[in-house]
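See below for the structure under consideration.
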Amino acid sequence: MRPLRLLATTAAFALLLGVTLPARALIVFDPTNYVQNVLTAARELQHINNQITSLQNEAQMLINQAKNLANLPYSSLQQLQSSIQRTQQLLAQAQRIAYDVQQIDHAFSTSYAPATSSQSNQLLISNAQSRWQNSYAATQDALRVQAGIVGNLDTNRIQTSALVTSSQSASGALQATQAGNQILALQAQQLADLTAAAAAQGRAQSLEAAQRASAQDQGREQLRRFLTPGQGYQSSNVQMFH
């Protein structure tokens with residue numbers, strides 16, 4: 001009888017527990033659903049990380065574009081223009097026969113023209129003096145141009161150093177290009193100076209050569225007059241400018 005009574009008591013206690021316990025107290029764990037939720041959260045996190053990386057790349061691209069479009073803070077244009085203007089002014093100050101085709105043609109049709117028997121002795125002497133003065137002035141002009149170009153050397157040295165430094169520290173493509181263009185402009189200015197020096201020196205040499213040629217021609221005419229009966233004159237009047 002006792003075992004039956006114990007069994008009945010146990011059954012009644014179990015029935016009581018089954019009736020009184022609420023449904024929310026029963027926790028059910030679904031492994032499949034948990035795995036799916038973890039994978040979904042991981043995918044969302046990866047998507048967010050990809051968006052952040054994309055925004056960072058776009059921001060860096062904008063920064064690089066801003067650098068590439070930034071102007072070079074240094075400019076040598078004014079100094080280069082000043083150097084060229086100084087050289088041009090020296091050339092424009094050329095004395096007597098300047099760098100002008102009409103002046104040259106006029107001079108070679110007058111004072112540098114071949115001596116003729118119709119020219120007076122005084123005209124021959126005057127032409128010889130004019131030619132000597134032309135050569136003297138051209139030599140002075142050439143020296144002045146050369147001195148001006150030497151004066152530009154220090155400016156060119158400073159500009160070259162500044163431009164090379166700017167090129168090396170350029171933060172973008174535009175700055176590097178602008179620095180390179182200014183270096184090319186500096187080289188062009190230096191070539192212009194060399195051209196001016198060559199032109200001034202060539203002018204002086206050409207006038208000197210023309211003077212010697214005219215002096216020889218005039219000397220022959222003076223000698224002819226001296227030796228020709230009826231056209232001779234005192235030797236003190238024979239002036240040859242070499």
Side-chain angles (χ1 to χ4, degrees), residues 39-104 135 137-209:
L39 292 176
T40 300
R43 285 193 291 268
E44 290 294 332
L45 180 60
Q46 183 62 39
H47 179 67
I48 293 173
N49 288 335
N50 292 338
Q51 288 182 332
I52 293 175
T53 301
S54 177
L55 291 174
Q56 289 176 340
N57 292 336
E58 290 179 1
Q60 186 61 45
M61 181 179 65
L62 292 175
I63 292 174
N64 293 336
Q65 289 179 350
K67 289 181 178 180
N68 288 333
L69 295 176
N71 288 323
L72 189 70
Y74 180 80
S75 175
S76 63
L77 179 60
Q78 183 176 358
Q79 290 79 1
L80 295 180
Q81 288 179 335
S82 297
S83 297
I84 293 175
Q85 288 175 355
R86 284 193 295 268
T87 303
Q88 288 178 329
Q89 289 173 354
L90 291 172
L91 292 175
Q93 293 170 3
Q95 307 170 77
R96 300 180 68 84
I97 301 178
Y99 302 94
D100 183 84
V101 175
Q102 293 182 349
Q103 287 187 16
I104 294 171
S135 297
T139 301
Q140 183 183 16
D141 292 338
L143 291 174
R144 294 179 73 248
V145 171
Q146 292 169 4
I149 292 174
V150 171
N152 288 337
L153 291 178
D154 190 58
T155 300
N156 293 341
R157 178 186 60 79
I158 295 174
Q159 298 308 313
T160 300
S161 177
L163 289 173
V164 171
T165 301
S166 299
S167 177
Q168 291 175 343
S169 61
S171 60
L174 181 59
Q175 288 189 359
T177 301
Q178 290 177 335
N181 289 339
Q182 291 190 49
I183 291 176
L184 291 176
L186 175 60
Q187 293 176 346
Q189 181 265 320
Q190 293 172 334
L191 288 175
D193 275 355
L194 291 176
T195 302
Q201 184 64 27
R203 170 174 172 262
Q205 292 175 349
S206 296
L207 288 176
E208 178 64 23

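These numbers come from a predicted model, not from an experiment.
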Residue pair [X] / [Y]: nearest heavy atoms and the distance that separates them:
X: Ala94; Y: Tyr99; answer: CB-CE1, 3.8 Å
X: Leu90; Y: Gly148; answer: CD1-CA, 3.7 Å
X: Ala138; Y: Arg203; answer: CA-NH1, 3.5 Å
X: Ala197; Y: Ile149; answer: CB-CD1, 3.4 Å
X: Leu91; Y: Ala196; answer: CD1-CB, 3.8 Å

Just jot down the side chain to side chain contact (heavy atoms under 4.5 Å, CB included) partners of [X], sequence neighbours excluded, or say none.
X: Gln103; value: Ala98, Asp100
X: Ala192; value: none
X: Ile48; value: Ile52
X: Gln95; value: Ala137, Gln140, Asp141

Quick one: does [X]'s side chain get under 4.5 Å of [Y]'s, heavy atoms only?
X: Val164; Y: Gln168; answer: yes
X: Asn156; Y: Leu186; answer: yes
X: Ile183; Y: Thr160; answer: no

Under the side-chain hydrogen bond (donor to acceptor under 3.5 Å, both in side chains) test, which residues partner [X], sequence neighbours left out?
X: Thr87; value: Asn152, Asp193
X: Arg144; value: Gln93
X: Asn49; value: none
X: Tyr74; value: Gln159

Show me the donor-acceptor pairs within less than 3.5 Å that the side chains of residues 75-82 make with the rest of the protein, sequence neighbours left out.
residue : atom : partner : partner atom : Å
Ser75   : OG   : Leu77   : N            : 3.4
Ser76   : OG   : Gln182  : OE1          : 3.0
Ser82   : OG   : Gln78   : O            : 2.9

Quiz item: Got a donor-acceptor contact below 3.5 angstrom from the Ser167 side chain to the Ala176 backbone?
Solution: no

In Å, rounded to the nearest 0.5 Å, how long is the span from [atom1] of [X] to [atom2] of [Y]?
X: Gln175; Y: Ser169; atom1: CD; atom2: OG; answer: 7.5 Å
X: Ile84; Y: Gln89; atom1: CD1; atom2: CD; answer: 12.0 Å
X: Thr40; Y: Leu45; atom1: OG1; atom2: CG; answer: 12.5 Å

Quiz item: Which residue pairs pass the salt bridge (charged side-chain N to carboxylate O under 4.0 Å, His left out) test when at least one of the two sits in residues 151-160, sequence neighbours left out?
Solution: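 Residue pairs with at least one partner in residues 151-160: Asp154-Arg157.
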
Exercise. Return each pair, listed once, that meets salt bridge (charged side-chain N to carboxylate O under 4.0 Å, His left out) where at least one residue sits in residues 164-192; pairs must be two or more places apart or across chains.
Key: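 Residue pairs with at least one partner in residues 164-192: there are none.
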
